[in-house]
Amino acid sequence: MESFPASGPLKRTGWTSRLALPCAVAAALLLVAGCGSRTLNSAPVEDRGTGMTRPADAAKPLPGAENAGKPGYYVVKPGDTMIRIGLENGQNWRDVARWNSLENPNLIEVGQVLRVVPPVSEGVAVVTRPVDPGSVGIAPVPSATAARQGSVPANGSTAPSGSDEDVGWIWPAQGTLVAGFDEAKNKGLDISGNAGDPVVASADGRVVYSGAGLRGYGNLIILKHNNTFLTAYAHNKLLLVKEDQTVKRGQKIAEMGNSDADKVKLHFEIRRQGKPVDPAKYLPAR
């Protein structure tokens, strides 16, 4: 066993060198290990001191979320489709898709907020038809109605609301009334008949939907009569008109059937600004 030299710097050199080398290596390893452990823990996903998370982890807001609760906007619910949203808000679903710049109308998310009235900028409605500056209101819905009153047949009234109300309804089918309006259970009238019986337009209008994309309605036609009223004709056997086609009151638009129904019948709805109303209050007495 080697003993520590009693004196003399030259006597310490060899022993000191042999001791210093492993100590230096050990110190270096401890330093590297310490640095490595600090590096792994220096970027937490959540900063608990500030309560903030990294931007990549933040929830992405749904389109239109900033407009939730505002008049003229609609929050998408489970089961909604663009066709249903258009019907429930008294609009052409294609217009709703265009107002919201939807590239694919089939891709909408629950909670997404959609504009369901025509865009308005500084009180002037953005439409393709002439606008009467004196008729434009403050709220989006009245503005849109007033702006498009030129598309409604004249009836001698200068009041915009009156022009939309005077539609001149007729019965859409000649069968027997088998179910009346019930706001909770039946949003329109059910008229029985035979397969192939004619279904006619209840008033002048334009076809905003023709197809079978709305569950519970079967082969469906939706007509827009003005900026206030829509009508829906459901469960048809055959559809005879296409979207964007203009139709006249009494024109045959479909043949009665039982698509998505338990028997042959026409389900007929009148929607006033998207809300179902009792057609019997608008149709002439039989």
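Computed from a prediction, not measured in an experiment: that's the story for all the values here.
In this structure, Leu214 and Leu87 have side chains that are in contact, with non-hydrogen atoms separated by less than 4.5 Å. At least one side-chain heavy atom of Thr228 sits less than 4.5 Å from a side-chain heavy atom of Glu165.
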Pair Phe229-Trp169, ring pair (Phe, Tyr, Trp, His ring centres under 6.0 Å): steps then yes or no
CA-CA 11 Å; Phe229 288 104; Trp169 306 101; 5.4 Å; yes
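Remark: the backbone N or O of Ile85 is not paired with any side-chain donor or acceptor of Glu88 at under 3.5 angstrom.
A salt bridge links Asp95 to Arg98: at least one charged side-chain nitrogen sits closer than 4.0 Å to a carboxylate oxygen. Under a 4.0 Å N-O distance rule, the pair Glu243/Arg94 qualifies as a salt bridge.
Through side-chain heavy atoms spaced under 4.5 Å, either directly or across other Ile, Leu, Val, Met, Phe, Trp or Tyr residues, Leu62 is tied to no other residue. Tyr73 shares a hydrophobic cluster with Val75, Val113; the chain of contacts runs through ILVMFWY side chains whose heavy atoms sit under 4.5 Å apart. If you chain together ILVMFWY residues whose side-chain heavy atoms come under 4.5 Å of each other, Leu240 ends up grouped with Leu238.
With sequence neighbours left out, the side-chain hydrogen bond (donor to acceptor under 3.5 Å, both in side chains) criterion links Thr231 to His225, Tyr233. For the side-chain contact (heavy atoms from CB on, under 4.5 Å) test, residues two or more places apart in sequence or in another chain that qualify with Ala234 are Tyr217, Leu220, His267. Qualifying side-chain contact (heavy atoms from CB on, under 4.5 Å) partners for Gln112, counting only residues two or more places apart in sequence or in other chains: Pro63, Val76, Leu102, Ile108, Glu109, Leu114. Applying the side-chain contact (heavy atoms from CB on, under 4.5 Å) test to Asp244 and every residue at least two apart in sequence or in another chain returns Asn92, Arg206. Residues satisfying the side-chain hydrogen bond (donor to acceptor under 3.5 Å, both in side chains) test with Gln174, not counting sequence neighbours, are none. For Arg249, the side-chain contact (heavy atoms from CB on, under 4.5 Å) test picks out Ile170, Asp204, with sequence neighbours left out. By the side-chain hydrogen bond (donor to acceptor under 3.5 Å, both in side chains) test, Lys252 is found to be paired with Glu255, residues two or more places apart in sequence or in another chain being considered.
Atom CG of Leu223 sits about 14.0 Å away from atom CZ of Arg271, to the nearest 0.5 Å. Taking CG from Leu230 and NZ from Lys275, the interatomic distance works out to 15.0 Å, rounded to the nearest 0.5 Å. Of the inter-residue distances, the one linking Met256 atom CE with Asn194 atom CG reads 8.0 Å to the nearest 0.5 angstrom.
Among pairs with a residue in residues 75-86, those fulfilling side chain to side chain donor-acceptor pair (under 3.5 Å) read Tyr74-Lys77, Tyr74-Asp80, at least two apart in sequence or across chains.
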Using atom types as modelled, flag every donor-acceptor pair under 3.5 Å from a side chain in residues 177-189 to any protein atom, sequence neighbours excluded.
residue : atom : partner : partner atom : Å
Asp182  : OD1  : Ala184  : N            : 2.9
Asp182  : OD1  : Lys185  : N            : 3.2
Asn186  : ND2  : Gly180  : O            : 2.9
Asn186  : ND2  : Gly188  : O            : 3.0

